[in-house]
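In what follows, residues are counted from 1 in the order of the sequence shown. Computed over heavy atoms, backbone and side chain alike; hydrogens, waters and symmetry mates excluded. It should be emphasised that the depicted structure is a prediction, and the values quoted were computed from it without experimental measurement.
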Amino acid sequence: MRDQPQPSLRDLVLGRLAASGLAPATRELVAGLLPEVRTRSGGRAGPVYLRSISAAGWRGIGPAATLDLEPGPGLTVIAGRNGSGKSSFAEAAEIVLTGDNFRWLDRTQIWKQGWRNLHDHGAPQVSVQLCLDGDGDGDGDGDGDGDGDGHGDGGGRGDGGGAPLTVRRSWHGNGLEDSRTVVHRPGGPEQDPREVIDAEDLVTYRPFLSYSELGAMITGRMSALHDALAQILGLDLLADADTEARTRAKTLTDTVTGATELVRAVIAELSESDDPRAAEAVAALGGRHPDLDRLRALLKGRIATDGAELARLRRLAGLEGPDPHEVAGAVTRLREAAAVAEDARFGAAEDARQLIELLERALDHRRRHPRSADCPVCGGESRLDEGWSARARDQVERLRREAAEAQSARTGLAAAVRAVRDLVQPVPGWLHGDASPFASLWHDWAGCRDVTDPRALADRIERVAAAMADACRQLSEEAADRIAEQDGRWQPLALRLTECLREAEKAEAARPLVKQIKDGRAWLRKVTDELREERLRPFADQSQTIWKLLCERSSVSLGSISLAGTANQRKVVLDASVDTIDAPAFGVMSQGELHSLALSLFLPRATHPDSPYGFLVIDDPVQSMDPEKVEGLARVLQLHSRSRQVVVFTHDTRLQQAIRQLRVPATIMQVSRQTDSVVRVTRTDDPVSLALGEARAVASDRNLPPDVADRVLPQMCRGALEAAYLEPARRRLRADGHSHDEVEARIGRTYKLTELAALAFYDSTMAPAEVLAAVAQDHGPWARVLIERCNAGAHQAPAPSRAPLDLVRETERLARAVQHR
């Protein structure tokens with residue numbers, strides 16, 4: 001039901017955040033706490049006004065009754081004695097729009113039992129007819145007769161701007177909650193109220209104030225008053241952001257605290273273990289912050305973190321001695337190759353091999369000394385000539401074939417020796433310097449590589465390999481048993497350490513976030529305080545203005561208004577003083593002053609510029625007020641009725657008296673309740689009736705000097721005619737599409753009665769004489785003469801032949817004709 005979207009608080013805060021100087025990570029965190037807010041926007045052109053309130057079978061109202069209202073700015077007072085049913089209208093409007101009544105808030109079920117009228121008049125039903133400024137001219141028919149006699153069915157008069165919209169709540173059971181609320185538009189289908197009425201707006205800018213709520217604003221929980229004012233300031237986004245930040249901070253702090261406590265408990269458990277890994281874990285956990293990398297390495301079983309003894313056991317458990325089958329095969333092949341080589345060594349093949357070597361050396365000598373054929377061995381001359389070289393080469397080829405067997409035997413032996421030596425592993429580094437029998441055995445095993453004689457190598461490696469295999473198997477089995485024993489005790493500790501590592505990792509990630517949230521919350525609180533002060537200042541100024549009007553002669557002065565505290569300590573701080581001496585507001589104020597204070601806090605909230613509601617419904621605000629405060633209340637109501645539709649219910653006649661005495665423009669209606677809960681509403685004092693009554697009183701006063709009456713009476717009659725022409729002029733301007741402000745501004749520039757009559761029924765450009773001619777044509781020549789005499793006012797007395805009461809009677813005749821035209 002709004003026309004313009006709300007200003008974006010998020011954008012405002014983000015702008016300040018960019019210039020805050022906070023670390024980038026903190027700015028990003030704060031921005032994340034400020035989610036996008038969907039701007040709510042209705043499609044209406046102006047505020048919502050009440051056109052009528054209807055009820056049947058509800059509270060003190062039996063048969064259907066309707067309270068017709070003028071849908072626009074102005075003051076309407078609904079008067080009636082206690083029990084007359086007047087408050088039932090106020091409560092009907094409240095429950096149909098809000099779904100509840102404040103009088104029942106936080107009350108037991110017995111308080112709600114009187115919602116249904118005691119007389120059986122069928123299914124209870126309440127409704128309000130609304131109109132929206134700027135929505136056409138409307139026919140005002142609603143769905144009842146709207147004749148003002150108390151028997152309408154939600155209908156309204158046809159004299160307001162805006163097409164009617166009826167919100168109806170009907171009951172179909174015996175419980176207060178057994179009801180259904182729908183919205184009716186002329187010629188349209190039923191709608192869900194949530195499609196038309198913004199429930200959040202009804203809470204934020206609540207336009208209803210009952211007597212019980214008036215007292216509860218002061219005597220109720222201060223946190224509720226704090227929240228109501230804070231909500232009107234539109235800072236919910238910041239409050240929600242701080243709440244979210246506080247929740248996140250608590251979660252993160254709990255994570256850090258929980259991890260610290262878990263580390264402490266795990267250290268105690270590890271300290272009772274003799275496992276070297278437990279000592280390593282205690283060392284990793286024992287610092288100000290756990291060494292998480294060291295813990296991860298420990299849990300992965302890396303040697304560097306296992307401890308010396310455990311590392312030794314792991315190495316021993318992983319020992320693999322020589323394979324007996326592989327060693328036996330290699331030794332057998334070595335011995336066979338040695339035997340073949342031995343046979344070849346002492347046979348013809350070996351001789352051939354040696355002779356080949358001798359001949360190849362002689363041939364090599366011959367090639368290096370081609371000019372000398374002398375034998376260097378025997379000294380014979382010309383023995384090594386070309387013929388000898390040829391014969392020697394032929395002999396070498398023949399001998400090579402004979403030596404192949406010997407060479408093959410030598411090659412096979414070399415390969416067999418190499419295969420045996422390859423089975424031998426060198427002494428590992430972790431056994432260097434070790435004097436244990438196993439270390440000696442491994443050194444003996446490694447020494448096999450240095451044996452050159454094939455048979456000796458075969459014998460030694462066969463012997464040492466068997467011993468080495470037995471030793472490795474025994475040590476490996478013993479080490480594995482010891483590791484299994486230790487791992488059985490370590491496994492539960494490892495699980496606890498894994499849990500500890502997981503929580504410590506969470507805590508490590510949480511610590512910088514805790515710092516960021518702390519900085520972000522500090523900045524948010526600073527910005528919230530600044531914006532709260534900026535937005536609360538005009539609110540507080542308006543409250544002080546209202547207080548001064550209500551308590552003009554009170555010794556209590558109301559100072560600044562501020563919001564303080566957080567969580568359960570939220571409160572409203574009111575600076576007050578008695579005779580310039582500071583004093584606690586609630587402790588020094590009378591009951592009437594407390595009610596005045598509550599009004600001072602309610603009205604700025606309900607009349608906030610962002611409120612889509614152009615009406616206020618106030619029930620019984622006069623109680624506990626002395627006469628001076630009642631006059632102040634009349635001034636306050638007049639002030640707000642200039643821009644709001646103010647509907648006040650009261651049983652106290654002092655408000656009506658103050659309105660008349662101060663000449664406050666107001667419509668006075670009387671509510672009466674008859675047998676069988678029949679409620680009637682009658683209009684007793686419209687502005688025309690009020691002016692005529694005053695003129696009649698002057699005309700009838702025999703003690704008033706005639707010359708004074710002759711000068712005053714025309715002016716008073718002129719005022720009655722102005723009041724009569726005023727409403728049709730407003731209606732006509734509204735029907736032409738002018739807003740309320742434009743209407744009031746146009747009327748404010750109208751100084752002559754003829755100009756006002758032209759605005760109401762004729763052409764605003766007409767000259768006064770043309771308007772008077774039109775009036776004479778519509779009502780008769782007497783009406784023209786009457787206006788001329790009233791316009792003359794104090795400058796021209798009426799004709800001596802005319803009695804004062806005749807002037808009043810003619811004025812009433814013309815005024816009523818104008819009203820009913």
Evaluate side chain to side chain contact (heavy atoms under 4.5 Å, CB included) for Leu202 paired with Tyr613, printing each intermediate quantity in order.
-> CA-CA 9 Å; Leu202 278 171; Tyr613 302 105; 3.3 Å; yes
Please check if any side-chain donor atom of [X] sits under 3.5 Å from a side-chain acceptor atom of [Y], or the reverse.
{"X": "Arg816", "Y": "Gln819", "answer": "yes"}
{"X": "Arg746", "Y": "His738", "answer": "no"}
{"X": "Asp68", "Y": "Ser52", "answer": "no"}
{"X": "Asp763", "Y": "Thr765", "answer": "yes"}

For the atom pair [atom1] ([X]) and [atom2] ([Y]), what is the distance rounded to the nearest 0.5 Å?
{"X": "Leu756", "Y": "Phe761", "atom1": "CG", "atom2": "CZ", "answer": "9.5 Å"}
{"X": "Glu631", "Y": "Leu549", "atom1": "CD", "atom2": "CG", "answer": "12.0 Å"}
{"X": "Tyr205", "Y": "Arg605", "atom1": "OH", "atom2": "CZ", "answer": "10.5 Å"}
{"X": "Leu67", "Y": "Ser88", "atom1": "CG", "atom2": "OG", "answer": "11.5 Å"}
{"X": "Glu727", "Y": "Thr667", "atom1": "CD", "atom2": "OG1", "answer": "7.0 Å"}
{"X": "Cys790", "Y": "Glu810", "atom1": "SG", "atom2": "CD", "answer": "9.0 Å"}

Taking the side chain as C-beta and beyond, is there a heavy-atom pair between [X] and [Y] under 4.5 Å?
{"X": "Val617", "Y": "Pro207", "value": "no"}
{"X": "Arg732", "Y": "Leu759", "value": "no"}
{"X": "Leu713", "Y": "Val808", "value": "yes"}
{"X": "Ile53", "Y": "Leu69", "value": "yes"}
{"X": "Ser543", "Y": "Pro604", "value": "yes"}
{"X": "Thr66", "Y": "Val681", "value": "no"}
{"X": "Thr607", "Y": "His640", "value": "yes"}
{"X": "Thr204", "Y": "Asp610", "value": "no"}

Exercise: identify the closest heavy-atom pair between [X] and [Y]:
{"X": "Ala695", "Y": "Met716", "answer": "N-CE, 3.6 Å"}
{"X": "Ala92", "Y": "Ser54", "answer": "CB-O, 4.5 Å"}
{"X": "Val126", "Y": "Val96", "answer": "O-CG2, 3.9 Å"}
{"X": "Met625", "Y": "Arg654", "answer": "O-NH1, 2.7 Å"}
{"X": "Cys717", "Y": "Leu807", "answer": "SG-CG, 3.9 Å"}
{"X": "Thr98", "Y": "Phe208", "answer": "CG2-CE1, 4.0 Å"}

Indicate yes or no: does Arg206 engage Glu94 in a salt bridge with an N to O separation below 4.0 Å.
-> yes
Basic-acidic side-chain contact under 4.0 Å: Glu70, Arg51 = no
Give the C-alpha distance, both sets of side-chain angles, the deciding distance and a yes or no for side-chain hydrogen bond (donor to acceptor under 3.5 Å, both in side chains) between Asp778 and Tyr762.
-> CA-CA 11 Å; Asp778 290 343; Tyr762 309 116; 2.5 Å; yes
Give a yes or no answer on whether the side chain of [X] reaches the backbone of [Y] with a donor-acceptor pair at less than 3.5 Å.
{"X": "Glu755", "Y": "Tyr751", "answer": "yes"}
{"X": "Glu770", "Y": "Ala767", "answer": "yes"}
{"X": "Gln645", "Y": "Leu616", "answer": "no"}

Please step through side chain to side chain contact (heavy atoms under 4.5 Å, CB included) for the pair Leu655 and Leu637, ending with a clear verdict.
-> CA-CA 10 Å; Leu655 180 59; Leu637 297 176; 4.2 Å; yes
Could you walk me through whether Ile668 and Ile78 pass the side chain to side chain contact (heavy atoms under 4.5 Å, CB included) check?
-> CA-CA 6 Å; Ile668 310 295; Ile78 315 298; over 6 Å; no
More than 12 foreign heavy atoms under 6.0 Å from CD of Gln777: is that the case here?
-> no
Leu814/Ile787 under side chain to side chain contact (heavy atoms under 4.5 Å, CB included): CA gap, chis, key distance, verdict | CA-CA 9 Å; Leu814 179 56; Ile787 291 178; 4.0 Å; yes
